[in-house]
Structures are given as structure tokens and as C-alpha cells.
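Beneath this line is the structure, given in C-alpha cells, with notes to follow.
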Amino acid sequence: MTIKSWKRRGEWLELMPGKAVTGSSDRQTAAEQWLLSELQLPEKMLRQLKTNQGIQLAGDRLRLALFASQPIDVEPRWADIDVLYEDDFCLVVHKPAGMKLHPDGSRADQAITLDHAVASYYEMNGIQANVRHVHRLDEDTTGPVLYAKNAFALTKLDEAMRRKDIGRHYVAIAGGQISTELNTIDAPIGKDRHHKQRRRVSEGGQDAVTHVEIVEVWDRATLVRLTLDTGRTHQIRVHLSYAGHPLVGDELYGGRRDSIGRQALHGETLSFGHPLTGARIEVADPWPQDFEQLAQREGKDQ
């Protein structure tokens, strides 16, 4: 997909499909074929646009109603958030430690989540869109979270997740001195039947592969960068604990207690293909202060 020229005009996306459409004797049919082949528009979405008169041809322009107003379907509740990237299709925001990604649906849980904060951001900026995160982060893990701002973007980004084409790169501080020979952990992960919140390496679990890069080895800890071939719940935490090096602060998986007060894990970069143009976008999220301070403490203890 190589869509190079486009404009947003209110609720409409305006494209220039070229002679494949404008030179056809049946421009409507040619436009639909172009949308399926070049834009890779899902057939279901094409049918919905046709039903709602959401496709227009005007001269050499093809217009799609991709930005029709949608209700903000999560309660807007303000919290200060850092926007790392934004355009008409995508939003990437930093998720701080101690904030859940989305409400759990229970009346007892009144904490502001990242979804609540994004809903508030939409409301304050006049963005009429459903709140839809594309992937997840644990409550105490920091890093970038990608949101889709319309149904087309959500469909394309969900497909990219299934193809494992959304890159998530993490940095962590693990306990002990990790050998440079540890570069891949390939061990299936399943539920721990003895502990509701915990996962464990289990022969009957789902395939899970974590790649490990040793960055710096200190006396009591190791700075590592990690990438995942799979996205199992608590995957990095489980795998490093299984390898004998639980994350600093991750008491659930045997990590030593530290003033960081959480697992020392941060999403450092997020990369994805833009849902419209296909251009590769990479978003960096600087280390949070508590992680930076932990790294400095461990380095000084040499």
C-alpha cells in the first residue's frame, strides 16, 4: 500500500486514485476495485460506506467518509498525559506507572485509567471518536500505547497486530548478573493454578519467545533490552524470572524489593506501519524518572 497523496476535509478523506478510476467507463466500479486493491479497504467497510453514501467521486477526487463523528464511549476523566505522536488516524500516549489501561467494569474500581484520560483528551480537543487502544501494558509497566482514532485505522492496526507487524521494544533492569549467552528465552506460558494473578512457564501453555540483549552488567543487576515474538500476559516478567533473573521490584515473580515500587520495565519504542500510507512510524518514549534513578543507583553500586 503506497498512498502518497491525501487530505482530510471535515468528515471526509480525499484521495487521488489516478487514471485507473478517472479513465474508466464505469468509474464507480473502478473506484470500489481501487479501494479494495490499493487502499486494502476491508469488504465489510466498503459495504458500510456504500450503504451510508460514504463514497463520493468528484472529478479526479475520491472521497470517503472515514472521519464521521462517533461517540466518545468511555467516560472522560481528566489526567495529565504525554502525547508522543498524533495524526488523523493514530494517537500514541505515554502510560505512567500505577495506571490501568482500561476500566475493569466493576463499580468498586473508581481509578482513572488511560482510556479515561484519552477520552478526556478527545473531549477537550473536539475529537469525536471511540476510544480504542490497539495493544496493552500492565498496570505498573510504563511506555507508549497506540490508539486508533477511526474504524479504518483500528481495522488496519488490528490486522498489523495479528501479523506481528507492530514492534514493541522494552528496556528492563533484572536482578543479578545475566550471562551474555542468554539471548533468547523460548518457553511456553500458561496460568498459575495456585495464584490467580500470576502466570508461569508450563508445557501446556502458549508458545512464548523473548529476545534478550544485554546492555550493561552491574554488581547486583543487569540492564537489558527485550523484544517479543509473542505477546503473552506478563511474558517478560515470567521469562526473566524463569531464567533466574526476575525484574527488580517485581515481587510477584520473585524480584527483590526496591524503592522503585514496581517492576523495572519500560516500553522504550513502538513502531508500526501507518494505517493509510504504510509508512513506518517509530515512536520513542524516554525513560521515566524512577527507572532512570534505579539505573543510576545500580551503576553507582559497582
Side-chain angles (χ1 to χ4, degrees), residues 8 66-67 69-105 109-161 165-172 225-228 231 233 236 260-277 279-292:
R8 178 175 178 175
L66 293 190
F67 305 112
S69 296
Q70 298 294 330
I72 299 175
D73 53 353
V74 174
E75 179 190 359
R77 298 176 65 191
W78 184 86
D80 191 21
I81 56 173
D82 292 330
V83 174
L84 303 173
Y85 174 85
E86 184 175 15
D87 63 23
D88 288 319
F89 293 85
C90 309
L91 173 73
V92 181
V93 298
H94 168 80
K95 192 193 82 63
M99 177 180 276
K100 291 182 179 179
L101 182 61
H102 58 84
D104 64 11
D109 187 5
Q110 294 299 312
I112 296 176
T113 68
L114 192 63
D115 278 3
H116 287 128
V118 168
S120 177
Y121 176 82
Y122 282 179
E123 183 180 61
M124 289 190 297
N125 288 278
I127 300 168
Q128 293 296 315
N130 298 149
V131 177
R132 295 289 184 267
H133 55 260
V134 177
H135 60 96
R136 300 185 179 197
L137 282 179
D138 291 345
E139 180 176 353
D140 287 323
T141 299
T142 54
V145 176
L146 173 61
Y147 283 80
K149 294 171 72 175
N150 55 62
F152 173 78
L154 181 63
T155 298
K156 304 297 284 187
L157 293 170
D158 278 348
E159 288 176 359
M161 279 292 290
D165 195 33
I166 293 181
R168 289 178 287 169
H169 305 274
Y170 298 86
V171 63
R225 286 195 167 93
L226 308 117
T227 56
L228 310 180
T233 299
I236 290 172
I260 192 172
R262 64 178 183 95
Q263 65 264 16
L265 178 61
H266 172 64
E268 200 169 31
T269 61
L270 174 74
S271 61
F272 57 97
H274 190 274
L276 180 66
T277 68
R280 199 71 187 170
I281 295 170
E282 183 167 305
V283 181
D285 192 349
W287 291 6
Q289 186 176 31
D290 63 351
F291 191 96
E292 181 76 49

Exercise. Before giving the answer on side chain to side chain contact (heavy atoms under 4.5 Å, CB included), spell out for Tyr121 and Val131 the whole-Å C-alpha distance, their side-chain angles and the decisive distance to 0.1 Å.
Key: CA-CA 10 Å; Tyr121 176 82; Val131 177; over 6 Å; no

Check whether any side-chain heavy atom of [X] sits under 4.5 Å from a side-chain heavy atom of [Y], and report yes or no.
X: His133; Y: Val118; value: no
X: Pro71; Y: Asn130; value: yes
X: Val74; Y: His116; value: yes
X: His135; Y: Met161; value: yes
X: Met124; Y: Trp78; value: yes
X: Val92; Y: Phe272; value: yes
X: Ser120; Y: Ile112; value: no
X: Tyr122; Y: Lys149; value: yes

Quiz item: With distance as the sole test, does Lys95 use its side chain to make a donor-acceptor pair with the main-chain N or O of Ile81 at under 3.5 Å?
Solution: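 Pair absent, no side-chain N/O of Lys95 close to backbone of Ile81.
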
Self-check item: Any donor-acceptor N/O pair, His102 side chain to Thr113 backbone, under 3.5 Å
Solution: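 No.
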
Quiz item: Under a 4.0 Å N-O cut-off, is there an ion pair linking Asp165 with Arg280?
Solution: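 Yes, charged N to carboxylate O under 4.0 Å.
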
Quiz item: Between Asp73 and Arg132, is there a side-chain N and carboxylate O pair less than 4.0 Å apart?
Solution: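 Counted as a salt bridge, because a side-chain N and a carboxylate O are separated by less than 4.0 Å.
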
Point-to-point distance, once rounded to the nearest 0.5 Å, from [atom1] of [X] to [atom2] of [Y]:
X: Leu66; Y: Asn150; atom1: CG; atom2: CG; value: 6.0 Å
X: Thr142; Y: Gln289; atom1: OG1; atom2: CD; value: 12.5 Å
X: Leu157; Y: Phe89; atom1: CG; atom2: CZ; value: 10.5 Å
X: Leu270; Y: Tyr170; atom1: CG; atom2: OH; value: 8.5 Å
X: Leu146; Y: Leu137; atom1: CG; atom2: CG; value: 11.0 Å
X: Asp88; Y: Phe67; atom1: CG; atom2: CZ; value: 5.0 Å

Quiz item: Can you tell me if CZ on Arg8 sees more than 12 non-hydrogen neighbours from other groups inside 6.0 Å?
Solution: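 Above 12, so yes.
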
Quiz prompt | The single option from Asp138, Asp290, Thr141, Asp140 passing side chain to side chain donor-acceptor pair (under 3.5 Å) against Arg262 | solution =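 When side chain to side chain donor-acceptor pair (under 3.5 Å) is applied between Arg262 and each of Asp138, Asp290, Thr141, Asp140, only Asp290 qualifies.
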
Practice problem: Kindly say whether the aromatic ring centers of Tyr147 and Tyr85 come within a distance under 6.0 Å. | Solution: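 Ring centres of Tyr85 and Tyr147 not closer than 6.0 Å.
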
Quiz prompt | Geometric class of the Phe291/His266 ring pair [parallel <30°, tilted 30-60°, perpendicular >60°] | solution =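 The arrangement is tilted - the two ring planes meet at 30° to 60°.
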
Exercise. Run the numbers on Val83 and Leu91 for side chain to side chain contact (heavy atoms under 4.5 Å, CB included), then give the verdict.
Key: CA-CA 7 Å; Val83 174; Leu91 173 73; 3.8 Å; yes

What are the two closest heavy atoms between [X] and [Y], and how far apart are they?
X: Asp115; Y: Pro103; value: CB-CD, 4.2 Å
X: Ile236; Y: Leu226; value: CG2-CD1, 4.0 Å
X: Pro144; Y: Gly267; value: CD-O, 3.0 Å

Self-check item: side-chain contact (heavy atoms from CB on, under 4.5 Å) partner of Arg136, chosen from Leu114, Leu101, Thr233
Solution: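 Per the side-chain contact (heavy atoms from CB on, under 4.5 Å) rule, the option paired with Arg136 is Leu101, out of Leu114, Leu101, Thr233.
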
